Amino acid sequence: MRYWLMKSEPDEVSFDDVLSAPGQTVAWFGVRNYQARNFMRDAMAVGDGVLFYHSSCAVPGVAGLAEIASGPYPDASQFDPASHYHDPKATQEAPRWISIDVRATEQGRYLPLAEMRAIPALEGMALLQKGSRLSISPVTRGEWDAIVKRLRARGA
DNA sequence: GCCAACGTTGGC
DNA sequence: GCCAACGTTGGC
């Protein structure tokens, strides 16, 4: 059982979108970075915990909890010439990019990035390191616990 | 819109 | 295989 942080632009797919999807499950598509892809392909397993993070928006932060709900399969958008994510070098025989299903499990209070920076337990978190841009990054058990605690905190 | 940091591309 | 140029990410 591992833990992950996955970034999504809420204008594209928000945590609310996942909550209202059938089975509260969506295909995670559009990853076009090899390191992030390799995490999906090689290290993720069904049932792993996911921090669903909103990026490139007014208040970036963790919007809710989710879990990995499938193994890897080819990302359909790479084959679609009309898609923003089209990859002309990808073929059906040799796909480059993969998707994985993600299922929303719990919505707590929203945890903004600015608040995360003030939590000592998160000091070493990959997301908070200078220059970190990876859309998928591993989260330690300690970081997971600290964030879940905040998501479940009463008030505010 | 700015800009720092990073990944990718392509000439050599 | 180096590395400069370019494109992208993403917080602010």
Side-chain angles (χ1 to χ4, degrees), chain A residues 2-21 26-44 48-68 72-104 106-140 142-151 153 156:
Chain A
R2 290 180 163 129
Y3 302 96
W4 307 94
L5 180 137
M6 298 175 81
K7 293 180 188 174
S8 183
E9 300 189 14
D11 287 348
E12 197 161 7
V13 181
S14 71
F15 190 70
D16 282 342
D17 292 336
V18 184
L19 282 175
S20 58
V26 298
W28 200 274
F29 64 96
V31 170
R32 294 295 180 269
N33 170 282
Y34 289 104
Q35 204 178 340
R37 181 201 67 181
N38 293 347
F39 281 139
M40 295 171 82
R41 188 188 62 191
D42 305 330
M44 283 182 171
D48 280 1
V50 173
L51 301 171
F52 195 106
Y53 181 86
H54 284 178
S55 68
S56 293
C57 55
V59 184
V62 174
L65 302 179
E67 67 179 9
I68 302 301
Y73 55 92
D75 178 341
S77 66
Q78 69 191 306
F79 308 123
D80 178 4
S83 169
H84 172 65
Y85 295 110
H86 179 236
D87 183 345
K89 292 180 182 166
T91 62
Q92 297 281 350
E93 297 72 32
R96 278 186 156 189
W97 308 109
I98 59 169
S99 284
I100 210 164
D101 289 345
V102 171
R103 188 174 72 87
E106 182 178 339
Q107 182 170 38
R109 59 180 277 271
Y110 192 83
L111 180 60
L113 175 63
E115 254 182 76
M116 295 173 73
R117 291 196 188 282
I119 300 172
L122 302 184
E123 202 176 329
M125 195 173 179
L127 173 79
L128 304 184
Q129 304 314 303
K130 186 173 182 177
S132 158
R133 321 183 302 184
L134 209 52
S135 63
I136 297 175
S137 56
V139 172
T140 68
E143 290 159 359
W144 173 270
D145 287 346
I147 289 168
V148 168
K149 187 176 153 192
R150 294 300 181 119
L151 290 175

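All values derive from a computational prediction rather than experimental measurement. Order of the sequence lines fixes the chain letters, A, B, ..., with proteins taken first and strands second; residue numbering starts at 1 for each chain.
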field: CG on A:L122 to CZ on A:R117, rounded to 0.5 Å
entry: 10.5 Å
- prompt: Between atom CZ of A:R37 and atom OG of A:S135, what is the distance when rounded to the nearest 0.5 Å?
  reply: 12.5 Å
message: Below 4.0 Å from chain A heavy atoms, what is the first contacting nucleotide of DNA chain B and what is the last?
response: B:dA5 to B:dT8
Name each donor-acceptor pair under 3.5 Å that joins a side chain in residues 51-65 of chain A to protein atoms two or more places apart or in another chain, with its distance.
residue, atom, partner, partner atom, Å
A:H54, NE2, A:F15, N, 3.0

Point-to-point distance, once rounded to the nearest 0.5 Å, from CD of A:E106 to CD of A:E67: 11.5 Å
message: Classify A:R117 by what it touches in the nucleic acid, base, sugar-phosphate, or nothing, heavy-atom distance under 4.0 Å.
response: sugar-phosphate
statement: Here the pair of heavy atoms bringing A:S77 nearest to A:R32 is OG-NH2, 3.0 Å
